[in-house]
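The model shown is predicted, which means the values in this text are computed figures rather than measured ones.
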Amino acid sequence: MKLERIGAPNFDLELTLDSGQTFHWERYRGGFAGLIGDRAVYVEQQGSELRALAGSAREVQRYFALDHPLPDICAAFPDDPAMCAARDYCLGLRIIRQPLWECLASFITSSMKQVAHIRQMSRALRQRFGEQRVIDELELYSFPSAARIAQVTEKDLRECALGYRAKNLLGTARLVASGEADLEAWRVLSDDELRARLCSLPGVGAKVANCVMLFAYERLRAFPIDVWIERVLKERYFARKRKVTAQKLREFCDSYFGEHGGYAQQYLFHHARKTTPRRVKKRAAGKAARLSQ
DNA sequence: ATACAGGCTCGCC
DNA sequence: GGCGAGCCTGTA
């Protein structure tokens, strides 16, 4: 393989790909293989450089958001213990720029699923309905377009283990394929208008809409609140409060974390997910089980 | 085995 | 308009 060198200071490839933003990159040789849009890419990290086999270095730079001023963004985080711990843990984690449809579709399938499950569904959809791309000695499959998914049946999607998500994905694919939901045109909308449009799609609520805004539409204020973040916020920012409503959390996040709230969220999220000891989770589950007997 | 996951939606109050 | 239950499936 003949690899191209791409300068990538303040970037950690593995950390970024393992932070729950995207669900299809595979470890390959010393790096990762995946697709950027329709193009197969191999990329590995060597210190502050990437070595890539890709059609275009610009696409790689853009996808991994190497232009984001990461040190400035991190320096502007609120100065509190939870945030500082997350910042130190997540050095080089970037919010990437994904294709709109792929990101939207992936997060529609993510509801009530762990990362491992989401990856399986993504793989099944790609292998059945995507287009094959070969890179080095590896066969990859692109994420099927909305038009392609709009052609298949709910049963086909259920065979990809989507369960009740099949109906939502199909419904949204049809709206996008028909042009009724024009994802590209929505780029010009304000955050609030964009969120409202996204939430009008089947299978998309506030959480999924905020993920798509953050990971595809480059809305760096967007702050998805899932069960992990909710736990972190309640423990670290509302420790003494008894009752914290969803709306209170929402208002707090939007005002406290500010302009780059999405980055703050991703750092808090990843830190919590990777440092919460497994045995604590198990113990909590076991305790609940015993209590219910 | 069986509870539970990185939610959305609908029906009930 | 807030709250709870149901929805599918793979994993621990």
Quick one: which of C/dT9, B/dG6, C/dC8 gets closest to the side chain of A/A161?
C/dT9

Suppose you measure atom P in B/dG6 against the same atom in C/dG2; what distance do you get, rounded to whole Å?
26 Å

Please tell me whether A/Y42 and A/F32 form a close aromatic pair, meaning their ring centres lie under 6.0 Å apart.
no

Side chains of A/R219 and A/L214 in contact at under 4.5 Å (non-hydrogen atoms):
no

Report yes or no: does A/E49 contribute a side-chain atom to a donor-acceptor pair with the main-chain N or O of A/I6 at less than 3.5 Å?
no

Each residue besides A/L91 in its hydrophobic cluster should be listed here, by chain and number; the cluster joins Ile, Leu, Val, Met, Phe, Trp and Tyr at side-chain heavy-atom distances under 4.5 Å.
none

Should stems be defined as at least three consecutive Watson-Crick or G-U pairs with both distances under 3.5 angstrom, which of them involve DNA chain C?
B:2-5 with C:9-12, B:7-13 with C:1-7

For the pair A/R29 and A/E44, find out whether any cationic side-chain nitrogen is under 4.0 Å from an anionic carboxylate oxygen.
no

Would you tabulate the nitrogen or oxygen pairs shorter than 3.5 Å linking the protein to nucleotides 3-5 of chain C?
none

Between A/F77 and A/Y256, is the ring centroid distance below 6.0 Å?
no

Please give, in whole Å, the distance from C/dT9 P to A/N168 CG?
14 Å

Heavy atom of residues 90-121 of chain A under 4.0 Å from DNA chain C: which residues?
A/K113, A/H117, A/Q120

Rounded P spacing from B/dA1 to C/dC8 in Å
24 Å

Answer yes or no: is there an ion pair linking A/R27 with A/E14, defined by an N-O contact shorter than 4.0 Å?
yes

d(NZ, A/K274; C1', B/dG6) in whole Å:
13 Å

Kindly indicate whether the side chain of A/R165 and the base of B/dG7 share any N or O donor-acceptor pair separated by less than 3.5 Å?
no

Using a strict threshold of under 4.0 Å (side-chain N to carboxylate O), is an ion pair present between A/R126 and A/E102?
yes

Atom CG of A/L198 to atom P of B/dT9: distance rounded to whole Å?
12 Å

Could you tell me how far apart A/L249 (CG) and C/dG2 (C1') are, to the nearest whole angstrom?
16 Å

Are there more than 12 heavy atoms of other residues, nucleotides or ligands under 6.0 Å from atom CG of A/D72?
yes

Using 30° and 60° as the class limits, which term best fits the ring planes of A/F11 and A/F64: parallel, tilted or perpendicular?
tilted

When rounded to whole Å, the CG to P distance for the pair A/L169 and C/dC8 reads 15 Å

Between A/R62 and A/E218, does any side-chain N to carboxylate O distance fall below 4.0 Å?
yes

So which of A/C103, A/S106, A/P224 actually passes side-chain contact (heavy atoms from CB on, under 4.5 Å) with A/C211?
A/P224

Between B/dG6 atom P and A/Q265 atom CD, what is the distance in whole Å?
14 Å

Take the protein atom CZ of A/R231 and the nucleotide atom C1' of B/dG6, then report the distance between them rounded to whole Å.
10 Å

In whole Å, I'd like the distance from the CD atom of A/E159 to the P atom of C/dG10.
12 Å

Measuring centre to centre across the rings, with the benzene-like ring taken for any Trp, is A/H68 within less than 6.0 Å of A/Y263?
yes

Sorted by chain and number, sequence neighbours left out, ring-ring contact (aromatic ring centres under 6.0 Å, His included) with A/F107 holds for A/F23, A/F215

Numerically ordered, the residues 200-219 of chain A set in heavy-atom contact under 4.0 Å with DNA chain B is A/L201, A/P202, A/G203, A/V204, A/G205, A/A206, A/K207, A/V208

